Amino acid sequence: MALLPLLFFPDPRLNTVAKPVTAVDHRIRTLVADMLQTMYEAKGIGLAATQVDVHERLIVIDVSEQRDQAVVLINPQLVWTSPETHRNEEGCLSVPGIYDGVERFDAVTVSALDADGKACVIQADGLLAVCIQHEMDHLMGKVFVEYLSPLKRNRIKKKMLKAQREEAR
């Protein structure tokens, strides 16, 4: 397993639409393990392959308190969304230190392949549903700050660019 470098907003690679995974093979299983290690190390609850500059439809999530219930979704598709929505406070490993409200469906059903390449269907609500939607947005090339007003988004962009410049010194 290896830690993978994260992309940070406003890196344009975060806006790349991910392509479907064509085969769940050794390369994908290694990527899953590396993504989980990277997510846990960064204290995150979800990570999309897009965030580690791999533009394939793969996400890993673990919203458990013990950090031992990883969910792997390969080629996920939303098959149902609740009519109810809720504004949730979200953050992102690609936008560290920034949190803001985003409107999300209260519950979702997603079909995908698991880490073994087997078809699975997950019904989720609460934090898991929010996390699935957030990570699936990454696969579509969308970062959560794009839901915010242009003024907020520009402030965040400037703050992130400044932090990246200071870190590069």
Side-chain angles (χ1 to χ4, degrees), residues 1-82 88 90-98 102 104-147 160 164 167:
M1 290 195 299
L3 287 178
L4 303 170
L6 290 167
L7 298 180
F8 295 103
F9 180 80
D11 191 312
R13 293 173 290 180
L14 287 169
N15 299 119
T16 304
V17 176
K19 295 186 178 354
V21 171
T22 55
V24 180
D25 53 15
H26 177 72
R27 180 184 67 83
I28 291 296
R29 284 189 282 280
T30 300
L31 178 59
V32 165
D34 292 348
M35 286 175 59
L36 283 167
Q37 182 180 359
T38 302
M39 177 188 72
Y40 289 134
E41 183 72 24
K43 310 277 190 269
I45 60 170
L47 186 65
T50 302
Q51 294 175 271
V52 293
D53 204 19
V54 176
H55 303 286
E56 294 181 80
R57 296 185 56 76
L58 166 61
I59 59 179
V60 297
I61 296 171
D62 190 342
V63 296
S64 69
E65 296 220 4
Q66 297 79 20
R67 314 293 281 145
D68 61 356
Q69 295 175 32
V71 175
V72 175
L73 299 173
I74 299 169
N75 297 333
Q77 292 186 302
L78 281 179
V79 294
W80 176 83
T81 57
S82 66
N88 302 281
E90 292 186 24
C92 181
L93 293 177
S94 291
V95 194
I98 304 294
V102 177
R104 299 283 189 191
F105 295 107
D106 286 350
V108 298
T109 301
V110 64
S111 67
L113 299 177
D114 65 14
D116 296 318
K118 294 187 175 96
C120 64
V121 174
I122 295 179
Q123 296 175 331
D125 59 9
L127 182 58
L128 180 58
V130 169
C131 194
I132 287 171
Q133 293 170 80
H134 176 107
E135 299 308 331
M136 286 184 71
D137 273 355
H138 279 298
L139 300 180
M140 297 307 297
K142 190 166 189 172
V143 180
F144 90 97
V145 296
E146 293 172 45
Y147 287 102
M160 293 296 298
Q164 289 166 22
E167 192 172 299

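Just so it is clear, the values below take in all heavy atoms, side chains as well, and ignore hydrogens, waters and symmetry mates. None of these values were measured; they are calculated from a predicted model.
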Closest non-hydrogen atom pair, Gln69 against Ser64: N-OG, 3.5 Å

Testing the basics here: between Thr81 and Leu78, what is the closest heavy-atom pair and its distance to 0.1 Å? CG2-CD1, 4.0 Å

Side chain of Gln164, backbone of Phe9: donor and acceptor closer than 3.5 Å? yes

What verdict does the side chain to side chain contact (heavy atoms under 4.5 Å, CB included) test give for Glu90 and Val130, after you've listed the backbone C-alpha separation in whole Å, the side-chain angles of each residue and the deciding distance to 0.1 Å? CA-CA 9 Å; Glu90 292 186 24; Val130 169; 3.6 Å; yes

Residues Cys131 and Val63: closest non-hydrogen pair is CB-CG1, 4.3 Å

Looking only at heavy atoms, the pair that brings Met39 and Arg67 closest together is O-NH2, 4.4 Å

Spacing of CG belonging to Leu73 relative to CD1 belonging to Ile122, to within rounding of 0.5 Å: 4.5 Å

List the steps and the verdict of side chain to side chain contact (heavy atoms under 4.5 Å, CB included) for Asp114 and Val72. CA-CA 5 Å; Asp114 65 14; Val72 175; 5.5 Å; no

From the list Val32, Leu31, Thr38, side-chain contact (heavy atoms from CB on, under 4.5 Å) partner of Met35 resolves to Leu31

Sole residue of Ile132, Ile45, Leu36 in side-chain contact (heavy atoms from CB on, under 4.5 Å) with Ile61: Ile132

Interatomic distance, OH@Tyr147 vs CG@Asp137, rounded to 0.5 Å, equals 3.5 Å

Please name the pair of heavy atoms, one in Phe105 and one in Ser82, separated by the smallest distance, quoted to 0.1 Å. CD2-O, 3.1 Å

Interatomic spacing from CD in Gln77 to CG in Leu113 - rounded to 0.5 Å: 9.5 Å

Under 3.5 Å, is there a donor-acceptor pair between the side chain of Glu56 and the main chain of Ala49? no

Taking the side chain from Asp34 and the backbone from Ala2, do they hold a donor-acceptor pair closer than 3.5 Å? yes

Please check: side-chain N/O of Arg13 versus main-chain N/O of Thr50, any donor-acceptor pairing under 3.5 Å? no

Looking at Phe8, I'd like to know if its CZ atom is crowded, meaning that more than 12 non-hydrogen atoms belonging to other residues, nucleotides or ligands lie closer than 6.0 Å. yes

Okay, side chain of Gln123, backbone of Thr109: is any donor-acceptor separation there less than 3.5 Å? no

Got a donor-acceptor contact below 3.5 angstrom from the Glu146 side chain to the Val143 backbone? yes

Do Met140 and Arg57 pass the side chain to side chain contact (heavy atoms under 4.5 Å, CB included) test, and can you show the C-alpha distance, the side-chain angles, and the key distance before you say yes or no? CA-CA 9 Å; Met140 297 307 297; Arg57 296 185 56 76; 3.8 Å; yes

As an exercise, state the distance from NE2 of His134 to CG of Leu139, rounded to the nearest 0.5 Å. 10.5 Å

Would the distance check show the side chain of Arg29 and the main-chain N or O of Val24 forming a donor-acceptor pair, the cut-off being under 3.5 Å? yes

Could you state the interatomic distance from OG (Ser111) to CH2 (Trp80), rounded to the nearest 0.5 Å? 14.5 Å

Report yes or no: does Gln133 contribute a side-chain atom to a donor-acceptor pair with the main-chain N or O of Ala129 at less than 3.5 Å? yes

Check whether any side-chain N or O of Gln51 sits under 3.5 Å from a backbone N or O of Leu6 as a donor-acceptor pair, and report yes or no. no

Out of curiosity, Thr16 OG1 to His138 NE2, how far, rounded to the nearest 0.5 Å? 12.5 Å

Taking every heavy atom of Asn15 against every heavy atom of Gly141, the minimum-distance pair comes out as ND2-O, 2.9 Å

